[in-house]
Amino acid sequence: MDDSSCLELVGAPASLSFPDLCANCGHAASDRLLVERRFPVRPHGSPRGFRRIAVHVPFCRACVAAHRRQLPRLSLGAYLKAFFHASALLPALASAAAAVLVGLRIETLRLDQKQGTLIALTVFFALTSLLCLRAASRQLRVWTIRPTQVTESFLFSRDLSRGFERERHSYTLRNIGFAAAFESSNAGRRWDRTSRSTRWSASLRNLVFAVIALAALGWWLVTVGESWSHVAPP
Ligand SMILES: [Zn+2]
């Protein structure tokens, strides 16, 4: 029998309050683990990109140890595959090489306009390299941070909000004690389909839809009217 609890909360997962309890067993938490999920940007179309959502979830010492034991060991082939998937790695290395090459031409004892340009270029390439490295480390993390039975005790959905609504996610929580504490910590974030703001968002969506439909109708009538005015009388 599945005893997990489900709830829907408004706001990004990382912005929520977490009780000092282990999400897996409900005992006192000692550490936090990064729980990360990736969702297609367009869930119903061809997935061209992913939105990464990560949150630090509390766990107890025993569950953290169990999570580390359950982590799959990556083979050399998997590491190589990860390396080739980190598309930001190549520009990071190229920018670092450019920073070194330009930096070697700087003469510290002579400070004229040319030297100033070289210093500015070195800083630019170094910063570009750092930004690309940051992006590459995120791409590589997809391969190294894997869900385990422990971290799957805290599951969250993609953003379920519709037009003019605040971001919201549904949560599936394995441990009932943690779920109750988590729910009371975020009591003000519970999504209510009958609340005034939800109804206001729905009315605004309907209004925008009606305006678009009327504009389309008006455009069609004008186009048809113009085509009729060009028809020569018999
Ligand atoms: Zn635990």
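These numbers come from the heavy atoms of this one structure, side chains and all, not from hydrogens, waters or symmetry mates. Everything numeric in this text was worked out from a predicted model, so none of it was measured. Read the numbers this way: they start at 1 and go in the same order the structure lists the ligands and their atoms.
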Student: Would you say Pro13 and Glu167 make side-chain contact, with heavy atoms under 4.5 Å?
Tutor: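 Yes, close enough: below the 4.5 Å cut-off.
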Student: Working to the nearest 0.5 angstrom, can you tell me the gap between Cys6 SG and Leu173 CG?
Tutor: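 CG of Leu173 is found 7.5 Å from SG of Cys6.
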Student: May I ask you to decide if Cys63's main-chain N or O and Asn24's side chain share a donor-acceptor pair within less than 3.5 Å?
Tutor: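 A pair under 3.5 Å: no.
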Student: Distances under 2.8 Å only: what protein N/O/S atoms are near the Zn ion (ligand 1), ordered by chain and residue?
Tutor: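 Listed by chain and number, the atoms are Cys22 SG, Cys25 SG, Cys60 SG, Cys63 SG.
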Student: How many angstroms lie between atom CD1 of Ile119 and atom NZ of Lys114, to the nearest 0.5 angstrom?
Tutor: 12.5 Å
Student: Is it the case that the ring center of Phe154 lies less than 6.0 angstrom away from the ring center of Phe18?
Tutor: yes
Student: Report the C-alpha separation of Ile106 and Gln115 in whole Å, then their side-chain angles, then the decisive distance to 0.1 Å, and conclude whether the side-chain contact (heavy atoms from CB on, under 4.5 Å) test is met.
Tutor: CA-CA 6 Å; Ile106 297 172; Gln115 294 301 309; 3.9 Å; yes
